[in-house]
Visitor: 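What follows is a single structure, and I will ask about it in a moment.
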Amino acid sequence: MLDVARSFCPLEELLGIIDAMALYKLNVLHWHISDDQGWRFPVDGYPDLVSEDRGYYSRDDINYVVSYAEKRNIMVVPEVDMPGHMIAALSAYPKLSCTGGPFVIPTGEGIFQDILCVGKADTIAFARKVVDTLCSLFPSPYIHLGGDEIPLDRWATCPDCQHRMQELGYKDEKALLGWFSNEIAAYAREKGKSTILWSDYVDASYDPSIITQVWNPLLGKHKRFHSNHQVIKSDYFHSYLDMSYALVPLSRVYRYGKSVQKDRKQNTKVLGAELLLWTEYLNTREKRESHLYPRLLAGAESFWTKDSKLSYTRFKRILTHDIQLVSDNQNNVNKPSIWDPLLLEQIKARRARKKRVTANSKEAGISL
Ligand code: ACM
Ligand code: ZN
């Protein structure tokens, strides 16, 4: 997963990442193309979503990326995160929100209260138009529609959302969220697409055809492997490559494949796993490459290599060669001395970050 919303990734750099993925047989690029901090592709009828100075991919760019990836056996799965993580869109079209705005596109990390207003017909039409656009640009049988970190406070005081809730006979906003997610997934299904959602709110009321992507290890186990739904694994403390090497050391990423393979043996609903690069703070190519490499290669190798054949020592030996192939600028790749920090540093980093993830979950109204 590459987040090009928080920091825009120029086309040439993106193609280089696809080349590196192909080298290590990573076969899906989950392309996170919108978020609070940026909207990166054009949608007919909503011209203000994108602008030259903020950076975006034209239809031609997207077609080129999809075919470049396809030639390398990589499927591109686009993600538009909804109904939360929408400030960039709301700043251009405040009428799609509960309050009417105005909104300013934020920078940095955060969970924001303003989300799509699902009580308004215009907003539902917008969400459908976004799905139409994704379906027309991306041949992949999957689309990712986000669904993580959604504070429901605005809906609780919005007359339109409350009206919709009563009309549908729901007693709380969480049920309204389930309705919206099921509606939009059904719309995508009519167009031949399977919907992927982050697992935050997914439960038995969500259509069983929805695939859940599990990222938050602090969620209860029933949430992590909800029996009705297929699962993509992307554990925060193993596969978030934007985190420091203290939090996610190289050897830890390498080990992750083992647990994914074990899960796949025990649970046929596990489709596979992902490595993720969020970019709230990774705003230069140098920073992105120093976080991606060599950890992307460690994850890829351990996902694909038979358990009995995994050898971290061998992997590290071949890295000295392979790293030259994935980055044109070796200054962008961290030195081996930082790949596996001291255990004490790792423990401290994990403890601090767990506090942060817990606080974020509370803010988004997710019970852990
Ligand atoms: C996520 O990290 N909120 C998917
Ligand atoms: Zn509303």
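The structure presented is a predicted model; accordingly, all values stated were derived computationally and were not measured. Atoms within a ligand are numbered from 1 in the order they appear, just like the ligands themselves. Numbering of residues begins at 1 and proceeds along the displayed sequence.
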Visitor: By number and element, which atoms of ligand 1 are closer than 4.0 Å to a non-hydrogen atom of D148?
Guide: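 Here the atoms of ligand 1 in question are 1 (C), 3 (N), 4 (C).
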Visitor: Under the side chain to side chain donor-acceptor pair (under 3.5 Å) test against S234, which residue among Q213, H30, E274 passes?
Guide: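 Of the listed residues Q213, H30, E274, the side chain to side chain donor-acceptor pair (under 3.5 Å) partner of S234 is Q213.
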Visitor: Mind reading off the angle at the Zn ion (ligand 2) between the SG atom of C161 and the SG atom of C158, rounded to 10°?
Guide: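 Roughly 110°, rounded to 10°.
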Visitor: Can the ring centroids of Y56 and F41 be said to lie less than 6.0 angstrom from one another?
Guide: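 They do not qualify: ring centres at least 6.0 Å apart.
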Visitor: What atoms in ligand 1 come closer than 4.0 Å to a heavy atom of W198?
Guide: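 Close to W198: 4 (C).
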Visitor: Using heavy atoms and a threshold below 4.0 Å, how should the contact between W278 and ligand 1 be classified: side chain, backbone, both, or neither?
Guide: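 Within the 4.0 Å criterion, W278 contacts ligand 1 through side-chain atoms alone.
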Visitor: What are the atoms of ligand 1, with element, lying closer than 4.0 Å to any heavy atom of E149?
Guide: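 Under 4.0 Å from E149, ligand 1 has these atoms: 3 (N).
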Visitor: Quick check on side chain to side chain contact (heavy atoms under 4.5 Å, CB included): which of I211, T212, V270 does Q230 satisfy it with?
Guide: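 Only match with Q230 under side chain to side chain contact (heavy atoms under 4.5 Å, CB included): I211.
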Visitor: Relative to F138, does K193 satisfy both conditions: NZ or CZ under 6.0 angstrom from the six-membered ring centre, and within 45 degrees of the ring's axis?
Guide: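 Negative - K193 is either too far from the ring of F138 or too far off its axis.
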Visitor: Closer than 3.5 angstrom, by distance alone: can the side chain of Y256 be matched with the main-chain N or O of D235 as a donor-acceptor pair?
Guide: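 Checked: pair present.
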Visitor: Distance under 4.0 Å to a non-hydrogen atom of Y240: what atoms of ligand 1 satisfy this?
Guide: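 So the answer, numbered in order with elements, is 1 (C), 2 (O), 4 (C).
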